[in-house]
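This report concerns only the one structure given below.
Within every chain, numbering begins at 1; the chains are lettered A, B, ... in the order of the sequence lines, protein sequences first and strands thereafter.
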Protein chains: 2
Amino acid sequence: MANSGKAIPTSVVKRLTRYLTEVQALREAEVEWVSSQELAETLGLTSSTVRQDLSHVDFSGISRRGYRIDGLERVLVDVLGVDTTWNTVVVGAGNLGRALALHHEFSHRGFNICGIFDSDPKKVGVKVGRLAVKGMRELPTVVGEQNVQIGIIAVPDDAAQSVGDLLIASGIHGLLNLSLAHIVAPAGVAVTDSRVVASLLELAHAIKYRR
Amino acid sequence: MANSGKAIPTSVVKRLTRYLTEVQALREAEVEWVSSQELAETLGLTSSTVRQDLSHVDFSGISRRGYRIDGLERVLVDVLGVDTTWNTVVVGAGNLGRALALHHEFSHRGFNICGIFDSDPKKVGVKVGRLAVKGMRELPTVVGEQNVQIGIIAVPDDAAQSVGDLLIASGIHGLLNLSLAHIVAPAGVAVTDSRVVASLLELAHAIKYRR
DNA sequence: TAGATTGTTAATCGATTAACAATC
DNA sequence: TAGATTGTTAATCGATTAACAATC
């Protein structure tokens, strides 16, 4: 059947992003149906996990056939908010911040980069694609006037919390934190961490102690 | 007491990277001792989790005082392999690949970028810091001759597996996957995913359904 | 029809938290 | 000493997997 209404655990949401990617690839390959077993094999999961996960979204498969690609894509797009345009700002115009502001995958998925900011006066005015780097003082105005919902924090660790605080005070709804720092935010503001350096340390550990 | 020898669960390893970051910040602030309670508050955990986690590393705290910063840093550096130099290549010279190749945080943590590669002939030869982009054909030689252990995959999703296969065939020990694709690798090769676009989708979901 | 695949319940597994004796 | 904090065991909680009746 499939339920809806209740909150979906983050462990499940993480996998839903992967199902969406795979389902979109299948749709582009003009595949019409996919079974839990096929999805599981492609993504390195069990079919049981796939069926459990999909029971959290409001969409049903059909016995002996599996899930219709177009319907499954539609419901995953909905639940992951990819059908919405998300106005987004990047704070930090270093290598990483500039790369993210230019990342095509973001605009392609509905994340509209409205501005890139840096506290370094030497960086202010520098062009990043069609945008020019702005000073931090302009951040609250841009967030307020352009209805910006998401802030991407790409600054050094020791500046991350104060940047987060400024974004929150400006009325942001969610933060994507790329720094290694832990960001404290009130309950109404969502924070997701994406720490590439931490992932590299995990990998170094896995290599060092692999058997 | 503290154990060693047994494999550490990845859930724990993820947090060890955060303890290391925090402990290094404390050491720079010339703090000498930290308790499980203090670490827990800073990182948004329970003190029980911190003590459980630290029981996986070969280091003991002291009652009524906590953990010595210098010793704790040393053992975390060891277990996360930060005391080693990791020769690393980046595959994909798009915005993200170039940014990672230039990311100071990497070299700072012992990840030595030995090369950046792209399949697009127009990108070959372009300078990225002190490196010039090389063609894919040169990848196996560089990996073999320079004892490269880590490959960072920053290519479009549909090229990710074949890039992974080439790196594996060249003798890589671990892959950091930034694409949304699922990478299949033999047991001896570690794979860690760091998907910034997926994190952004998780954030969009959290904002859309927040209460 | 026969049988492959779903949705869901129950069982297992693993991770987190609570509790507390040991101890500095 | 008194009491704060560790290390560890036991309890709880949540996530994954197995199993299977329902069904197309």
Side-chain angles (χ1 to χ4, degrees), chain A residues 1-19 22-23 26 31-72 75-76 79 182 202 205, chain B residues 1-19 22-23 26 31-72 75-76 79 182 202 205:
Chain A
M1 198 149 319
N3 104 45
S4 93
K6 291 158 221 149
I8 303 177
T10 55
S11 57
V12 175
V13 173
K14 279 182 206 298
R15 285 191 298 267
L16 294 183
T17 67
R18 303 180 60 197
Y19 301 148
E22 178 59 19
V23 161
L26 290 171
V31 175
E32 285 193 36
W33 295 87
V34 68
S35 69
S36 58
Q37 181 59 45
E38 287 165 339
L39 276 174
E41 268 171 28
T42 312
L43 300 176
L45 306 167
T46 66
S47 66
S48 203
T49 298
V50 173
R51 291 197 301 280
Q52 277 279 14
D53 288 349
L54 295 184
S55 76
H56 286 92
V57 302
D58 190 14
F59 182 72
S60 296
I62 292 178
S63 295
R64 289 218 25 161
R65 298 225 245 172
Y67 304 88
R68 260 198 85 92
I69 292 291
D70 56 2
L72 186 52
V75 74
L76 290 172
V79 81
H182 172 72
E202 286 170 43
H205 169 82
Chain B
M1 198 147 324
N3 105 46
S4 92
K6 291 157 222 149
I8 304 177
T10 55
S11 56
V12 175
V13 173
K14 278 182 205 299
R15 284 190 297 267
L16 294 183
T17 66
R18 303 180 60 197
Y19 302 148
E22 178 59 19
V23 161
L26 291 171
V31 175
E32 283 192 36
W33 295 87
V34 68
S35 69
S36 59
Q37 181 59 45
E38 288 164 339
L39 276 174
E41 269 170 29
T42 313
L43 300 176
L45 307 168
T46 66
S47 65
S48 203
T49 298
V50 172
R51 290 197 301 281
Q52 277 279 13
D53 287 348
L54 295 184
S55 76
H56 287 91
V57 302
D58 191 14
F59 181 72
S60 296
I62 291 178
S63 295
R64 290 221 21 165
R65 297 226 246 174
Y67 303 89
R68 261 198 84 94
I69 292 290
D70 55 2
L72 186 51
V75 75
L76 290 172
V79 81
H182 173 71
E202 286 171 44
H205 168 82

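- In this structure, the CD atom of A:Glu41 is 11 Å from the P atom of C:dT5, given to the nearest Å.
- The closest donor-acceptor contact from the side chain of B:Thr10 to the backbone of B:Val13 lies at 3.5 Å or more, if one exists at all.
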Go through B:Arg51 and B:Ser47 one step at a time and tell me if the side chain to side chain donor-acceptor pair (under 3.5 Å) criterion holds.
CA-CA 6 Å; B:Arg51 290 197 301 281; B:Ser47 65; 3.3 Å; yes

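- Looking at every heavy atom in both residues, B:Arg68 comes nearest to B:Trp33 through CG-CH2, 3.3 Å.
- Among the protein residues, B:Ser36 comes within range of the sugar-phosphate backbone only, with heavy atoms under 4.0 Å from sugar or phosphate atoms but none that close to a base.
- Residues A:Thr49 and A:Arg15 meet the side-chain proximity criterion, which asks for heavy atoms closer than 4.5 Å.
- One can place NE2 of B:His56 at 13 Å from P of D:dG7, the figure rounded to the nearest angstrom.
- Nucleotide C:dC13 has D:dG14 as its partner under the Watson-Crick or G-U criteria, with both atom distances under 3.5 Å.
- If you take CZ on A:Arg18 and CD on A:Glu22, they are separated by 9.5 Å, rounding to the nearest 0.5 Å.
- Between B:Val79 and B:Val75 the shortest side-chain heavy-atom distance does not fall below 4.5 Å.
- The CZ-C1' distance, from A:Arg64 to C:dA2, rounds to 8 Å in whole Å.
- With rounding to whole Å, A:Arg68 atom CZ is found 17 Å from C:dT5 atom C1'.
- A pairwise comparison of heavy atoms in B:Thr46 and B:Ala40 identifies C-CB, 3.5 Å as the closest pair.
- Shown here, C:dG3 forms a base pair with D:dC24; the pair counts as Watson-Crick or G-U wobble because both key distances fall under 3.5 Å.
- A:Arg65 has its CZ atom 12 Å from the C1' atom of C:dT5, to the nearest Å.
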Expected string for nucleotides 12-20 of chain C under the B/S/- scheme (protein heavy atoms, under 4.0 Å, primed atoms plus P, OP1, OP2 as sugar-phosphate) is ---SSBBB-

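- Pair assignment for C:dT8: D:dA19, on the basis of Watson-Crick or G-U wobble contacts that are both within less than 3.5 Å.
- Distance, A:Ile62 CD1 to C:dT5 P: 13 Å, rounded to whole Å.
- Taking atom CG on B:Leu54 and atom P on D:dT6, their separation rounds to 9 Å, with Å as the unit.
- In this structure, the CH2 atom of A:Trp33 is 18 Å from the P atom of C:dA4, given to the nearest Å.
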